[in-house]
Every structure is written in C-alpha cells, then in structure tokens.
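Report on the structure given below.
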There are 4 protein chains.
Amino acid sequence: MDLNADLGESFGSWKMGDDAAMFQLVTSANVACGFHAGDPITMLDSCRAAYELDVTVGAHVGYRDLAGFGRRSLDASFDELFGDVLYQLGALDGVAHAVGASVDYVKPHGALYNRLVHDAGQAEAVVAAVSAYDPGLPILGLPGSELLKQAREAGHPVFVEAFADRAYQADGTLVPRSQEGAVLHDVDAVVERAVRMATKGEVVAVDGTVVQVRPDSLCIHGDTPGAVEMAAGVRAGLVAAGVELESFA
Amino acid sequence: MDLNADLGESFGSWKMGDDAAMFQLVTSANVACGFHAGDPITMLDSCRAAYELDVTVGAHVGYRDLAGFGRRSLDASFDELFGDVLYQLGALDGVAHAVGASVDYVKPHGALYNRLVHDAGQAEAVVAAVSAYDPGLPILGLPGSELLKQAREAGHPVFVEAFADRAYQADGTLVPRSQEGAVLHDVDAVVERAVRMATKGEVVAVDGTVVQVRPDSLCIHGDTPGAVEMAAGVRAGLVAAGVELESFA
Amino acid sequence: MDLNADLGESFGSWKMGDDAAMFQLVTSANVACGFHAGDPITMLDSCRAAYELDVTVGAHVGYRDLAGFGRRSLDASFDELFGDVLYQLGALDGVAHAVGASVDYVKPHGALYNRLVHDAGQAEAVVAAVSAYDPGLPILGLPGSELLKQAREAGHPVFVEAFADRAYQADGTLVPRSQEGAVLHDVDAVVERAVRMATKGEVVAVDGTVVQVRPDSLCIHGDTPGAVEMAAGVRAGLVAAGVELESFA
Amino acid sequence: MDLNADLGESFGSWKMGDDAAMFQLVTSANVACGFHAGDPITMLDSCRAAYELDVTVGAHVGYRDLAGFGRRSLDASFDELFGDVLYQLGALDGVAHAVGASVDYVKPHGALYNRLVHDAGQAEAVVAAVSAYDPGLPILGLPGSELLKQAREAGHPVFVEAFADRAYQADGTLVPRSQEGAVLHDVDAVVERAVRMATKGEVVAVDGTVVQVRPDSLCIHGDTPGAVEMAAGVRAGLVAAGVELESFA
C-alpha cells in the first residue's frame, strides 16, 4: 500500500506543514509546483528529501492562484489549463532531475482535483497535457472521477486513492466536508479504517453499509494540527498489520 | 551566422512584438519562461512556431518580476536564483517537448543579463543551475562577461553575441544606453554593420577605432517600432553578402 | 447621456488600448485597479488624464487574476471578495486623490461583472465592500442584475448601462457572445442604435421587437481594432443628435 | 514610549507570527499592504484588532515581491516606487476605514527600509508618494537615514526607532546582522536595554561606549521563536519602570 500526502506547500518566507516529519512517513509525495503553492527552493528541498528517503515524487498540479491556495474553482479554458499543467510538470521535473529525482506521477490539487471529478472539459485538458508530457505517466485520483476515466481511455496508468480520515456514503463517495462528521479526528478510528481499507479493501459507510474500496494509495494530511501524529499512527498501524508500504508508481 | 531575438514576451491578454513576423527572420529565439514575461500558452505558441520554422529555442531566463518585465536589478540570493533558473528551464523544456521542440541554449534576460556581466555571485548561481539541468547546454551572452567566463570554466559551450544596432566603444564594450547615439536607428547603417560583423568580425567604434568582434550570433530586437523592418533588412543584407544563416546551437 | 469605457488596462511593459484617444471621447472611465489589469503608474496616468479632461473615474474592480485578465469566473468566498473589492477601491482612490481626482463610482469587470448578474452571494460581498467604503458611492451595472438589485436595497445610487454594439433579445437581455451576430461591427448601425437608445430609450431586438431600455450610460469598447473609430462615431452621432454628454456620477 | 512591530504578514493560507498575542503588546502596528506580505483579509483582521485594542496602524510599505517577502533590494524607478507606495497607502487606508481605523503613519519594510538609509533617489520617491497622499502623515524610520532627512525637509513629522535586541556600534549605527552578536536573544538583557533606552535615552555599544539614542519608538519582532515572550518581557519591563506606553502618532 502507498501512503501519499501533499508536501512542499511552503512559499517563500511562509512555511506550511512539517515536511521534515512527513517525508519520513509517506511513500509518495504530491509536491506543489509553484502555481497554488511551492517555490523553486521548496521544490528543490522536497525533491532532495524524497530522493534521500526513497519517496516517490508526484506533480501536484493546481490552478494558478497563490492568493487562494488553489482552493477556488476557476473557469480556466482548455488551452490555459493544458499550458498550465504542462508548465508545472516541466518545472517540477526540471527541479527533480537536478537532484537525482524524477516526477513519477501526477495528482491534481484542491479545487482542480474536485472539479475534475465531474468537469469533462477540464479533465480533457489535464489529461491532454499529461499525455503531451509523457503518455506513460501515472495519474492518481478519485475513483469514479472524470479525470481517471479519461486518463484510462488515453492509455495512462491510473491509480485510485482513499481517505481513512473521511466519512464515506453508501455509494462509495465521500461525505461532503460541509456535513458534520465528514472528517474523522480520532487516531485509533482512522488507523483501524486505514488497516481495513488496506487489508480487506472495504470501509464502513455512515449508514453502516460495508463499501468496497480498493485503493492503490491512502491519502494522509500534513498541514493540520495533529497531522503528523495521525500519519505516524496510520503508518505504524499498517506496518503492524503486515501491510507492505511502497509507492504505486 | 545566427540571428537571435527575444520572442514569446506576451503575457495573458497582453501582446508584445510581432512574433509571427520575427519567427520568420531569426535562426534562434530567446523564449521568455514566465518569470519576467511569457505564459504557458505563449510559450507553446513560440515553441510551435520555432519547430515549424526550424528556429532554435533558447530559454530566456529572467528575474521573477512581471511588474518590472525583469528590467530591474534584484538582489536574489544564490539559492533563489539557482532555483528560479532551474524552474524556468524545466518549464520551457517541458512545454517545448510537448510540441516536438527542445531547449537548446540559455540566455539571461534584461537586468539579469546586465548584472551577470560583473556579478560573480549571481553568475555562479545561474551557471550552477544550467549545469544542474544539463552540463552540456550552450550559454549565449556578452563577450567578456562574468557569466561566460564561469560558464566556460564549468565546461559549457559558450557563444557570444554582438549588436549591430548598438554603438561600441574602443575597448569593445557597448556605449551605455544613457548616452546619446547609443542605439542606431538607420536601417542601412545597421545592415552595413551587421554584414561587417558577420564577414570581417569587426565593428567601427564611436571614436573611429576598428574593434575586433567575433560574434556567434547577432541580436536583433523585435518589440520596438520598426523592429521587423530592421530585422528583415539585416537578414536580407546578410543573405545578400553570402552569409549563411544558421543557429549556433 | 454618459459614455463609459474600460481604460487603464495596461500592465507594466504591456500596453492595451489607445487610452490617449479614448479619454478624449468618454465621460466616464472604468479604471482597472491592479487585480485583473492596471498597475500603479498606469492608474496614475489614467487619473491624471481623467482629471485634465474632466472625465469621471470609476473603480473597475475585478477578480485577482492577472494571467486571465479577470475574464475567468472564480469561486471567491464572501470574505475574499469583500476584501479584494475594498482593497482595490482604496488603492485607486489613493492614487486618484494624489492627482486631484477621486473615485466616483464602481463597475465590476469581466467575469465578475457577468457573475454578478445572477450570483447573489458574490453580489452581496461586492455591495457590502462598496458600502463599507462609502455608502453613497454609485454603482454602474447591467439592468436586472443581482448586483444592482442588492445595491439599490443597500441604498446605493445605481445606474444602468446599455451596449450600442451588442444585439438584444426581446426580453431586454443581451444575445450571448457565443451566438452569431451578438456583436455589431458596422459603425453606422451602431451609431444609429446609440442615438435611438439615448433619445428614445429603445432598441430593436433581433426578432424585430422594440425593447425599452433607459440607460444612464452607454458602454463603448477601447481595446479592439477599430474601437477608437467606433467610439468617435458614437460620440459624434450623439452630439449631432443633440444629446448632451455628461457623466451620471 | 511606543512599541511597534511588523504585523499582518500572513498571506492567503500561509500564516506568519502570532498576531493575536502581539496586538495585545504593541502600541503601533506596521501592517503589511499586500506587496511583500499581507492580503485584504489579513489587512482587515489587522485593522480590526488594532481598532479594538487601541493600537495605531501604520502602513508597512514594501517592494512588490511576495516571493522574496520584500527582503531583496530592487532597482525600482522613481515612478514605480512613487506609484507602489501610493497604491499600498490607499489600499490599507481603504481597508482601515471600513472597520473604523485609519492609517496614521508610514514605515518602510525590509530591503526598502534598508535601502532608504542611503539611497537618496528611492527616498525621494517614497517621501513624494507619502506627501502626495497626505502631507501631514508621520514617517517612522532609522535615525540618520536619508528617508527621515528628506521626510523632515518635506515637512512630515518624523519619528525614530531603536532596537533593544540589536547590538549598536559606537557611532550609533547597528552592528550588521552578518556579524556575530548582532542580535541579542537574552530576554533580561533586552528588557534592560529597552528600559535604559526609554528612560535615559542611551544604549551601551559593543565597545562599551554609551551612545545617545532618543527613540520615539522601540521596534520589537513578532515572527521569530520566542518573539512573543520577548515582547511581553519588554512591555512588562517598561511598565515596571514607570514608562508610559502610547503611540507616537
């Protein structure tokens, strides 16, 4: 099983998250590429840490919106999104190669990630950009998303992630963050869910239904209070359950 | 002889220069990488035009300063400049590869270009970044500059440019733009100088001295009134004089 | 009747439109405030021109999106939009006062303008920001828009604009730009429509229906080929028809 | 005696410093205006906190350089700097007025602050901008700086600050940060120095010389580890010594 987290989200003098701790815990790092977060120095530091700790680097591509941290849906055109994704991929790959690393997968960030669940036009632009960059580059996303559907059709290896700290509905979709109980904060409960996802491929939905999930990766968060403790708990729980941790890519 | 010009300097809705005309005239295009000018769509358009017209693409790396168009000297640190150059190189190369082109040389832009004539620290950062990206990548610059000195020591192929429309001093340096007569506007005179530079490797300085210049490339400008006419005149003059036009890289 | 146009849309080294000509023709200038276009020097130049030519200055507030020129709809939150509008208003007003001018109305730009036709939440944020800045500041917008409805309820003087170069539907709304014939390019036709709008308060819709419009201002465009000629024609036509030109604010 | 600190330096999702604690301790807040740090929401929050706690708001104007946090010297022209300062002043003032506060002084930030110690041209631009905004607006700066010299000549009220946690040289200038011992970290020592500065107008230089300083304000830092503790200690020490704390403006 792979553990992925959003890392390299600092910008200039502003720091975010405890990357030093998180790089020790994950097997895949979604590294910001400078459009919603990240700057060249932070990208270099992230790629160096990934290289030294044998963590796989993914390009965490996002909308061009530093002020909104890429969390605001944006009506970017096909050409704009195609260009922006290509630019971010090339920039991170250039930085990665300089320190011996490489970009081995792509995961969209924030509002773009959410929009690509349903927006066929934006999904088409993102997939076209990744294909233009490298037709064999893996894409990590949400099961059932428009992004992964189109990526699969375009011949990309696709991988799906699950969230051990998010409540699920009976149809396998996430409980929206706007609803109470959408995010779980109890470490033991999250660890138990992570282990069940990894070993049995299932999760208990809010209505008690047992839902099939077959994640290639579990997403853990690095920038909230208690994030490192939670991530360490999940990793330790998986290891204790005999789950082998390694990147999908 | 190579003819290079700064192209791809539009940004979003703002257009600069007549790239459609200029790409027909040059053999090398210094393409802006998004830090002082250029956006991913413009970069794509530039790389497509270059590929179709067999023009060599160079990364026109600059300070991170859209508001100042990279024309303001900035006290960037070694790490900042190293990262910024690497990022720009990777971004343009990623875009270029998507359309079949590639980045085949580097030329600094604006205030960075000027600063690298004398600033050893910033030159070291730029050369280190280019080396980290590709130790064999050619660098185009001003003869006698700190940049080219360090680039040569680092093992990079280096190429020097001359300016047919700029007045020279007896020691081979340019007359500063602040002085009257620093820039020549008469097409015939500029064409004559370009031909003499290309065929005899010399230019007449303001005091009448004949100065040796052995340029690998002549820089022509694309964003001023009359620029296209001037560039077309220089190209035609060189061709008429039997000079073969091809990129140095 | 007032004639308004979007001016001051240059940014740094990139110029847009022929402001020198347009300031001679309008009675109100929607001046960009730096978020989608405009920089402090351009804002100063625009305010100086407005002051000298007795043109009223309006704050042309937009989304924070230089790369997209504010033409891309953005899911900005209430707090973000409230802050962004307030910031832009203060910035332009500060610049204006330094040259003897002042900000005398507000008009949203681009994607924000379009979104405020229907988006009650964003309209609430914009109106709240303008109210917080100056509860008596006039707002210029589209008749029937959510923006003007809320602005009126908040006690702001509201003014409506019409477009002599846009086709209208029988219900008084504009033919979407995506449809053929949405924009009129014939100067004589546009001038005739402008005069009829100004003198009779009506326009002929695409189906032949005569629609009542009672604009306080006619919007003319300054950044397209032929824009100055069109604007000059409209102004001359209105003057010839005996329409007095003066700002609504 | 006044206590000033740089506050409101967050940007979007990135937080900096413990403003909630610091606003309780200072009498003047240098609030970032969006060019080197700060965004409209942060500016609103800062002005609200200042208003509620009776803290004076100053405009902390800086270079347009978010990526470098305004800490990199930039060759901005007179016109650019004049416009940038005016823009920032207006923006912060607009935000401040919306919550009942106002901008009551100006203090340059970071590299601009340092450059204005000696750079007469940039000082002239900054003073001209502040004068254009409000010829009576107080300016806070370093004693002996070009900025304060020109501000005084222009008729602005000027106020000088001292640094209780910085080592001084016998001529009254600060020991450069590049030298060891330039910054004091011992709370007791800093408090003692603050009290001596406030009550006797003097400080002991590194060579033992007693130097006259007559600060109108003591600058304390809010964004380093231990900053709040240090600031609280200085405030408590001053109060215990009978020094009345109130803003100079």
Side-chain angles (χ1 to χ4, degrees), chain B residues 5-20 22 30-46 60-74 87-88 91-92 95 108-114 177 183 221-227, chain C residues 5-20 22 30-46 60-74 87-88 91-92 95 108-114 177 183 221-227:
Chain B
D6 302 346
L7 300 176
E9 295 189 318
S10 296
F11 182 72
S13 293
W14 294 285
K15 303 307 166 197
M16 184 170 290
D18 184 355
D19 280 14
M22 291 298 292
N30 316 312
V31 177
C33 305
F35 269 43
H36 67 276
D39 60 75
I41 291 178
T42 299
M43 290 160 69
L44 274 163
D45 289 344
S46 299
H60 206 204
V61 297
Y63 288 127
R64 184 174 183 137
D65 179 19
L66 286 171
F69 202 70
R71 288 179 174 156
R72 310 186 291 190
S73 189
L74 178 71
Y87 184 100
Q88 292 177 71
L92 182 61
V95 167
H109 161 83
L112 180 60
Y113 183 94
N114 292 332
R177 279 179 182 274
V183 180
H221 299 101
D223 57 355
T224 50
Chain C
D6 302 345
L7 300 175
E9 295 189 319
S10 295
F11 181 72
S13 292
W14 294 285
K15 303 306 167 198
M16 184 171 289
D18 184 354
D19 280 15
M22 292 297 292
N30 317 312
V31 177
C33 304
F35 270 43
H36 67 276
D39 61 74
I41 291 178
T42 300
M43 291 161 68
L44 275 162
D45 288 344
S46 298
H60 205 202
V61 297
Y63 288 127
R64 184 175 184 136
D65 179 20
L66 286 170
F69 203 70
R71 288 179 176 157
R72 310 186 291 190
S73 189
L74 178 72
Y87 185 100
Q88 292 176 73
L92 182 62
V95 168
H109 162 82
L112 180 60
Y113 183 93
N114 292 332
R177 279 178 183 274
V183 181
H221 299 101
D223 57 355
T224 49

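Per chain, numbering begins at 1; letters A, B, ... match sequence-line order. Since we're looking at a predicted model, the values are computed, not measured.
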So how far is it from B:W14 CH2 to C:S10 OG, rounded to the nearest 0.5 Å?
8.5 Å

So OG of C:S13 and CZ of B:R71: to nearest 0.5 Å the spacing works out to 4.5 Å

Okay, B:L66 and chain C: the region with an atom under 4.5 Å from a heavy atom over there is both

